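Structure first, then comments.
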Amino acid sequence: MRKGTLYVFTGPSGAGKGTLLSRLRAEDDRLFYSISATTRAPRPGETDGVQYYFLKKTDFERKIAQNAFLEYAKYVDNYYGTLEAPVNEKLAAGYDVVLEIEVQGAMQVHEKRPDAVMVFIAPPSFEELAARLRGRGTEDEEKVRKRLETAKQELKSMDRFDYVVTNDEVGRAVRELHGILAKRRT
């Protein structure tokens, strides 16, 4: 049986990682989307165990102490992390596993799993990124500014990834991602 491949998708908040991955997953049933854990509050319409595992800070920190995460990071005052056991189980069962994580966590995965395929999702421009974040209407201006400051640093790390996909047009970007998967599966 073929062992699965671990894919790490990252990029600044607002680059469209979720949109692209939703389309990719809908079109490829060999992908398992790893659900991250977070200490941030659910956004409207989000459900525990679907978009994220929403944990209290104390529970998250207990799991850190137990070394239960493949990666974790603190981002804009909240923890995010990937539980290692479910990822390993799916890879062993032959599924390709997709992590959608922040850049800081992606670098941790790259160190622990150098065989992971690293994909950076970039916005078409910094101005477009700012417009997308403000257009969400889910956070106050102070949090948007924090995300934009973080994004400036994250964009500097693009050259450390195997692939950079610019999300300027969703259909084109999804086709590019399919091409990456096809290349890795041969």
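It should be emphasised that the depicted structure is a prediction, and the values quoted were computed from it without experimental measurement.
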Compare all side-chain heavy atoms of [X] with those of [Y] and state whether any distance is below 4.5 angstrom.
{"X": "Val8", "Y": "Val119", "answer": "no"}
{"X": "Thr166", "Y": "Pro123", "answer": "no"}
{"X": "Phe54", "Y": "Thr38", "answer": "yes"}
{"X": "Lys56", "Y": "Thr39", "answer": "no"}
{"X": "Tyr52", "Y": "Thr47", "answer": "no"}
{"X": "Pro12", "Y": "Leu155", "answer": "yes"}

Give a yes or no on whether the backbone of [Y] and the side-chain of [X] come within a donor-acceptor separation of less than 3.5 Å.
{"X": "Glu128", "Y": "Pro124", "result": "no"}
{"X": "Lys112", "Y": "Leu70", "result": "yes"}
{"X": "Glu102", "Y": "Ala73", "result": "no"}
{"X": "Glu169", "Y": "Gly171", "result": "yes"}
{"X": "Lys63", "Y": "Phe69", "result": "no"}
{"X": "Glu71", "Y": "Thr82", "result": "yes"}

Tell me whether [Y] is reachable from [X] by hopping between hydrophobic residues (I, L, V, M, F, W, Y) whose side-chain heavy atoms are closer than 4.5 Å.
{"X": "Val165", "Y": "Val98", "result": "yes"}
{"X": "Phe32", "Y": "Val109", "result": "yes"}
{"X": "Phe9", "Y": "Val164", "result": "no"}
{"X": "Ile35", "Y": "Leu21", "result": "no"}
{"X": "Leu6", "Y": "Leu31", "result": "no"}

Applying side chain to side chain donor-acceptor pair (under 3.5 Å), name anything that partners [X], two or more places apart in sequence or on another chain.
{"X": "Asp168", "answer": "Arg172"}
{"X": "Glu141", "answer": "Arg134"}
{"X": "Tyr33", "answer": "Glu100"}

Has Tyr80 got more than 12 heavy atoms of other residues, nucleotides or ligands less than 6.0 Å from its OH?
yes
Enumerate, atom names and distances included, each donor-acceptor pair closer than 3.5 Å involving a side-chain atom of residues 86-97, sequence neighbours excluded.
residue, atom, partner, partner atom, Å
Asn88, OD1, Arg113, NH1, 3.4
Asn88, OD1, Arg113, NH2, 2.5
Asp96, OD1, Arg2, NH1, 3.2
Asp96, OD1, Arg2, NH2, 2.8
Asp96, OD1, Thr5, N, 2.8
Asp96, OD2, Arg2, NH2, 3.3
Asp96, OD2, Arg185, NE, 2.7
Asp96, OD2, Arg185, NH2, 2.8

For [X], give me all partners under salt bridge (charged side-chain N to carboxylate O under 4.0 Å, His left out), at least two apart in sequence or on another chain.
{"X": "Asp59", "answer": "Arg62"}
{"X": "Lys146", "answer": "Asp77"}
{"X": "Lys152", "answer": "Glu149"}

Interatomic distance, [X] atom [atom1] to [Y] atom [atom2] [nearest 0.5 angstrom]:
{"X": "Met118", "Y": "Tyr7", "atom1": "CE", "atom2": "OH", "value": "13.5 Å"}
{"X": "Ser22", "Y": "Lys17", "atom1": "OG", "atom2": "NZ", "value": "12.0 Å"}
{"X": "Arg175", "Y": "Ile180", "atom1": "CZ", "atom2": "CD1", "value": "13.5 Å"}
{"X": "Glu61", "Y": "Leu55", "atom1": "CD", "atom2": "CG", "value": "11.0 Å"}
{"X": "Thr10", "Y": "Ile121", "atom1": "OG1", "atom2": "CD1", "value": "9.0 Å"}
{"X": "Leu148", "Y": "Ser13", "atom1": "CG", "atom2": "OG", "value": "8.5 Å"}

Work out which heavy atom in Ala173 is nearest to a heavy atom in Asn167; give both atom names and the distance.
CB-OD1, 4.1 Å
Looking only at heavy atoms, what is the nearest atom pair of Met158 and Ala122, with distance?
SD-CB, 3.8 Å
Other than Val50, which residues form its hydrophobic cluster under the rule that side-chain heavy atoms must be closer than 4.5 Å?
none
Set of ring pair (Phe, Tyr, Trp, His ring centres under 6.0 Å) partners for Tyr79, sequence neighbours left out
Phe60
Filter on salt bridge (Lys or Arg N to Asp or Glu O under 4.0 Å), then keep only pairs touching residues 36-54, sequence neighbours left out; what's left?
Arg40-Glu46, Arg43-Glu139
Got a sec, which pairs hit ring-ring contact (aromatic ring centres under 6.0 Å, His included) with one end in residues 103-134, sequence neighbours left out?
Phe120-Phe161
Can you tell me which residue pairs pass the ring-ring contact (aromatic ring centres under 6.0 Å, His included) test with a partner in residues 166-186, sequence neighbours excluded?
none
